[in-house]
Amino acid sequence: MVIYDSHQKEKIDFKPLKDKKVKIYVCGPTVYDDAHLGHARSSISFDLLRRVLETLGYDVTFVKNFTDIDDKIINKINATGKSLEEITTHYINSYLNDMEALNVKRADIEPKATESLEAMFEIIQKLLDKGYAYKLPNGDIYFDVSKDEEYCNLSNKCPEDEGVHRVEVEGKKNPQDFALWKACKGENDVCFDSPFGRGRPGWHIECSAMIKKHIAYSDTKYQIDIHGGGADLFFPHHENEEAQTYCAYNQHLAKYWMHNGFVTINGEKMSKSLGNSFFVKDALKHYPGEVLRFYLMSTHYRAPLNFSEEDLIASKKRLDKLYRLKKRIYGITKKQQDKEFEEKLLEAMRDDLNISKALAVVDEFVRVANENLDKNPKDKSLKQKIISNIEFIDKLLGVGGSDAYKYFQAGIDEDTKKKINEMIEKRNEAKKEKNYELADKIRDELQQLGIKIQDTPNGTVWEKV
RNA sequence: GGCGCCAUAGCCAAGUGGCUAAGGCAGGGGCCUGCAAAGCCCUGAUCCCCGGUUCGAAUCCGGGUGGCGCCUCCA
């Protein structure tokens with residue numbers, strides 16, 4: 001496996017810290033709102049990584065956190081009058097539902113920040129003891145970047161002079177210093193007890209703590225193998241995580257850093273502050289999760305993906321072809337492994353998740369399979385290989401696993417299905433009597449209902465347009 | 001202002017020094033079909049511009065132009 005490391009800025013051979021074990025931590029969402037397509041893409045990107053590693057035989061431990069305490073959540077509490085728990089539980093469930101629809105595997109561990117406070121206290125205490133952190137008179141605790149010689153080596157993105165904006169707080173030693181602990185700010189704040197007084201954690205400390213608590217090695221140069229997240233998290237979030245962990249434990253945080261590119265709309269980053277968010281749950285009203293997944297993963301994970309419905313439709317047509325092939329071999333249950341195909345697909349994906357190459361391999365497989373089925377419609381061995389290959393595609397890429405008929409008939413209720421079948425029956429009778437005028441009329445009627453039919457050797461089948 | 005990323009056919013998108021620049025969508029032609037649909041076959045770009053390195057560059061270097069991101073919460 002070769003992956004692109006954001007820190008070294010090049011593709012490098014992946015070698016786990018220990019044996020065949022791989023520990024991955026991905027920054028999950030802050031749960032104050034529904035997931036948008038950007039969350040979906042990030043999730044799918046790292047889901048692909050996980051699937052490839054697992055298929056390669058690695059023993060993967062995958063952790064994705066929920067940030068369930070932060071300013072936006074507090075704002076929501078104050079705006080709605082609901083409790084923290086109510087709000088975060090609601091959005092966590094919503095997120096998990098969306099990701100399930102996108103066929104993203106659940107993480108092995110899904111820690112919440114509010115349940116990892118002890119681990120944060122430990123890090124903060126160590127940083128205070130070692131002189132890497134200082135407490136202000138108001139109770140806030142800051143990380144002192146000037147004490148960390150390695151600060152900024154990870155992302156290399158620290159501004160030398162004044163940045164455009166920065167959180168200004170009275171008493172901070174350096175503008176770049178960031179909060180480890182924020183003292184309670186009054187009635188409308190959400191606060192927890194701590195050895196440093198009541199307050200709440202800074203954002204960056206949460207991830208360092210959850211990593212330490214759940215998966216970190218303590219006897220290696222790095223705590224985990226891979227740390228992932230959106231490209232916007234590289235600086236300052238990941239830089240700060242690394243600084244805290246390194247200064248507290250004298251271990252680097254992760255051996256490999258991976259960052260996914262953004263989903264953009266009209267070329268601009270999709271984000272809540274820009275007001276151009278596109279929620280997953282809304283997209284799911286119009287397109288099946290699998291179609292959405294296929295579209296979002298069809299651009300390499302590091303490149304930006306400019307969302308367009310036109311491209312999504314084009315992408316769906318590509319997936320349709322896989323399912324039409326699957327329909328052609330419907331009913332076959334025996335499998336015959338096709339090692340050559342699996343190796344080809346895997347080879348593409350193990351090159352830093354080269355999805356374009358992988359999908360080209362899938363396209364070629366579909367084309368050749370159709371060609372061979374045209375020539376030898378009864379070739380059992382061929383059909384068994386096709387079944388096996390589609391299963392492998394599902395395992396590795398997370399698409400193609402649905403029932404082929406249901407895929408094309410999604411969103412059509414039973415009554416309508418019955419009606420469609422009756423019309424097709426009538427048309428077939430008309431065809432038998434060579435009453436093509438009537439047959440064509442029925443076909444037109446179906447077309448008007450949004451139903452496209454195909455006469456095949458196995459009878460007439462239909463699809464929702 | 002600091003630090004980065006990107007620019008390949010109508011659209012999406014691989015390729016990072018060398019056979020005829022992958023693949024998909026759309027378009028055109030054909031086979032198949034009662035006609036369709038589906039499927040299959042054929043069909044398209046010299047790679048943003050200028051200069052350089054090299055026997056040889058879309059691929060490396062320099063300079064432009066254009067787009068985007070991070071530096072503030074953010075996947």
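Residue numbering restarts at 1 for every chain, and letters A, B, ... go by the order of the sequence lines.
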> Applying a 3.5 Å limit to both distances, which nucleotide forms a Watson-Crick or G-U wobble pair with B:rC3?
Replying inline: B:rG69
>> Angle between ring planes, A:W257 versus A:H259, binned at 30° and 60°: parallel, tilted or perpendicular?
In response: parallel
> Knowing that exactly one of A:N65, A:I92, A:T67 qualifies, which makes a side chain to side chain contact (heavy atoms under 4.5 Å, CB included) with A:K112?
Replying inline: A:I92
>> Students often get this wrong, so: under 4.0 angstrom with heavy atoms, is A:G230 touching a base, only sugar-phosphate, or nothing?
In response: sugar-phosphate
> Across all strands shown, which nucleotide pairs with B:rG17 by Watson-Crick or G-U wobble geometry, both distances under 3.5 Å?
Replying inline: none
> Does any nucleotide pair with B:rG39 by Watson-Crick or G-U wobble geometry, both distances under 3.5 Å, and what is it?
Replying inline: B:rC31
>> Are A:F279 and A:H36 an aromatic pair, judged by ring center distance below 6.0 Å?
In response: no
> Under 4.0 angstrom, heavy atoms only, what part of the nucleic acid is A:A360 near: base, sugar-phosphate, or nothing?
Replying inline: base
>> Any base atoms under 4.0 Å from A:H300, or only sugar-phosphate, or nothing? Heavy atoms, all strands.
In response: sugar-phosphate
> At under 4.0 Å between heavy atoms, what does A:T30 touch on the DNA or RNA strands: base, sugar-phosphate, or nothing?
Replying inline: sugar-phosphate
>> Can you tell me how the ring of A:F14 sits relative to the ring of A:Y256, calling it parallel under 30°, perpendicular over 60° and tilted otherwise?
In response: tilted
>> Distance criterion of 3.5 Å, no angle test: do you see the side chain of A:K72 paired donor-to-acceptor with the base of B:rC73?
In response: yes
> Between A:Y405 and A:Y330, what is the ring plane arrangement, given parallel below 30°, perpendicular above 60°, and tilted in between?
Replying inline: perpendicular
Distances under 3.5 Å between protein N/O atoms and the N/O atoms of nucleotides 39-48 of chain B, please, pair by pair.
unit_1, atom_1, unit_2, atom_2, d
B:rG39, OP1, A:R324, NH1, 3.3
B:rG39, O3', A:N370, ND2, 3.2
B:rG39, O2', A:D374, OD2, 2.9
B:rC41, OP1, A:R367, NE, 3.0

> Looking at A:N306, does any N or O in its side chain come under 4.0 Å of the phosphate oxygens OP1/OP2 on B:rG67?
Replying inline: no
> Want to settle it: does A:T456 or A:N156 sit nearer the 5' end of RNA chain B, counting the closest nucleotide to each?
Replying inline: A:N156
> Can a donor-acceptor pair under 3.5 Å be found between the side-chain atoms of A:D440 and the base atoms of B:rG34?
Replying inline: yes
> Is there a side-chain polar atom (N or O) of A:S43 under 4.0 Å from OP1 or OP2 of B:rA75?
Replying inline: no
> For the Cys pair A:C27 and A:C207, is the SG-SG distance shorter than 2.5 Å?
Replying inline: no
>> Under 3.5 Å for both donor-acceptor distances, Watson-Crick or wobble: does B:rG56 have a partner, and if so which one?
In response: none
> Which part of the nucleic acid does A:F234 contact within heavy-atom distance under 4.0 Å: base, sugar-phosphate only, or nothing?
Replying inline: nothing
> Which part of the nucleic acid, if any, lies within reach of A:S298 when heavy atoms closer than 4.0 Å are counted: base, sugar-phosphate only, or nothing?
Replying inline: nothing
> Is any side-chain nitrogen or oxygen of A:K9 closer than 4.0 Å to OP1 or OP2 of B:rC5?
Replying inline: no
>> Any donor-acceptor pair, under 3.5 Å, between the side chain of A:R302 and the base of B:rC5, if you only look at N and O atoms?
In response: no
> Quick one: on RNA chain B, does A:N260 or A:D455 contact a more 5' nucleotide (nearest heavy atom)?
Replying inline: A:D455
> A:V263 near the nucleic acid: base, sugar-phosphate alone, or nothing, with a heavy-atom cut-off under 4.0 Å?
Replying inline: base
>> Need one value for A:I453: base, sugar-phosphate or nothing, where a base atom within 4.0 Å counts as base even if backbone is also close, heavy atoms only.
In response: base
>> Looking at A:R200 and A:D70, is any side-chain nitrogen of the basic one under 4.0 Å from a carboxylate oxygen of the acidic one?
In response: no
